[in-house]
Colleague: 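Below: one structure in structure tokens.
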Amino acid sequence: VQLQASGGGLVQAGGSLRLSCVASGFTLDLKYYAIGWFRQAPGKEREGLACNNPMGGQIYHSDSAKGRFTVSRDNTKNTAYLQMNSLKPEDTAVYYCATDTLSNCRGVPRGDSRMEFWGKGTQVTVSS
């Protein structure tokens with residue numbers, strides 16, 4: 001099973017991007033599982049941004065994501081989304097999605113989270 005995050009790119013400060021996360025290989029039905037979103041900026045540790053628990057469960061956002069980033073799902077497309085608005089140069093990073101078939105999130109995932117399946121990441125670059 002692999003997840004693939006896509007939708008990254010180059011955007012000016014203040015702009016928006018929507019990242020998508022889809023499963024490939026042995027396809028998981030993502031609607032049953034928590035989806036975590038993370039990022040790693042150059043020279044920095046990976047940071048947990050948000051987690052979207054399944055079936056209408058709790059959604060958690062980190063302080064850096066709260067108010068600007070929103071997680072959602074489209075179960076008909078087996079896809080999860082991270083909508084990012086009011087982007088800042090410090091949001092520049094590689095963004096990852098992850099999922100876990102064994103447990104839901106109990107809060108914002110830690111950057112060193114051991115979620116079960118990870119995507120390859122997508123680069124987001126915000127210019128000033």
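Sequential numbering from 1 along the given sequence is applied to the chain's residues.
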Colleague: Return the NZ to OG distance between Lys88 and Ser64, rounded to the nearest 0.5 Å.
Modeller: 9.0 Å
Colleague: For the hydrophobic clusters of this structure (ILVMFWY residues joined by side-chain heavy atoms under 4.5 Å, transitively), does one cluster hold both Val22 and Leu3?
Modeller: no
Colleague: Determine, stepwise, if the pair Asp29 / Asn78 fulfils side-chain contact (heavy atoms from CB on, under 4.5 Å).
Modeller: CA-CA 6 Å; Asp29 194 339; Asn78 202 25; 3.8 Å; yes
Colleague: Rounded at 0.5 Å granularity, tell me how far CG in Leu17 sits from CZ in Phe69.
Modeller: 9.5 Å
Colleague: Does Arg46 make a cation-pi contact with Trp37 (under 6.0 Å, within 45 degrees of the axis)?
Modeller: no
Colleague: Just how far is it from atom CD of Gln4 to atom SG of Cys97, taken to the nearest 0.5 Å?
Modeller: 7.5 Å
Colleague: So, taking the atom named CG in Leu49 and the one named NE2 in His61, what distance separates them when rounded to the nearest 0.5 Å?
Modeller: 9.0 Å
Colleague: I'd like to know if Arg68 pairs up with Asp91 as an ion pair, taking the criterion as any Lys NZ or Arg NE/NH1/NH2 lying under 4.0 Å from an Asp or Glu carboxylate oxygen.
Modeller: yes
Colleague: Mind checking whether Lys31 and Pro54 have side chains closer than 4.5 Å, heavy atoms only?
Modeller: no
Colleague: Can you measure from CG (Leu82) to CZ (Arg39) and round to the nearest 0.5 angstrom?
Modeller: 9.5 Å
Colleague: At their closest point, which heavy atom of Gly121 faces which heavy atom of Val94, and how far apart are they?
Modeller: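 Taking Gly121 first and Val94 second, the nearest heavy atoms are CA-CG1, 3.9 Å.
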Colleague: Within the 3.5 Å criterion, strictly below it, is a donor on Thr79 or Asp74 matched to an acceptor on the partner's side chain?
Modeller: no
Colleague: Using the rule that Ile, Leu, Val, Met, Phe, Trp and Tyr join whenever any side-chain heavy atoms are under 4.5 Å apart, tell me whether Leu102 and Ile35 fall into a single cluster.
Modeller: no
Colleague: Do Val108 and Cys51 have side-chain heavy atoms sitting under 4.5 Å apart?
Modeller: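 The answer is no, as the side chains (C-beta and beyond) never meet within the 4.5 Å cut-off.
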Colleague: Minimum heavy-atom separation for Ser128 to Pro89, with atom names?
Modeller: CB-CG, 3.8 Å
Colleague: Tell me, do Asn53 and Tyr60 make a side-chain contact under 4.5 Å, heavy atoms counted?
Modeller: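 Yes, at least one pair of side-chain atoms sits under 4.5 Å.
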Colleague: Indicate, with yes or no, if Tyr81 and Leu87 share a hydrophobic cluster defined by side-chain heavy-atom contacts under 4.5 Å among Ile, Leu, Val, Met, Phe, Trp and Tyr.
Modeller: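 Each belongs to a different hydrophobic cluster.
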Colleague: Ignoring hydrogens and angles, state whether a donor on the side chain of Thr101 or Glu116 is under 3.5 Å from an acceptor on the partner side chain.
Modeller: yes
Colleague: Is there a path from Leu28 to Tyr32 through hydrophobic residues (I, L, V, M, F, W, Y) whose side chains come within less than 4.5 Å of each other?
Modeller: yes
Colleague: Any donor-acceptor pair under 3.5 Å linking the side chain of Arg73 with the backbone of Asn52?
Modeller: yes
Colleague: Going through the checks in order, is the side-chain contact (heavy atoms from CB on, under 4.5 Å) test met by Leu19 and Val124?
Modeller: CA-CA 9 Å; Leu19 306 185; Val124 171; 4.1 Å; yes
Colleague: What's the separation between atom CD in Gln40 and atom CD in Gln123, rounded to the nearest 0.5 Å?
Modeller: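 Output value for this atom pair is 11.0 Å.
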Colleague: So among Tyr95, Tyr96, Trp118, which one has a ring pair (Phe, Tyr, Trp, His ring centres under 6.0 Å) with Phe38?
Modeller: Trp118
Colleague: Please step through side-chain hydrogen bond (donor to acceptor under 3.5 Å, both in side chains) for the pair Gln83 and Ser72, ending with a clear verdict.
Modeller: CA-CA 8 Å; Gln83 177 69 44; Ser72 63; over 6 Å; no
Colleague: Using atom types as modelled and distance alone, determine if a side-chain donor or acceptor of Thr92 lies under 3.5 Å from a backbone N or O of Thr125.
Modeller: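 Side chain of Thr92 to backbone of Thr125, a donor-acceptor pair under 3.5 Å: no, none is there.
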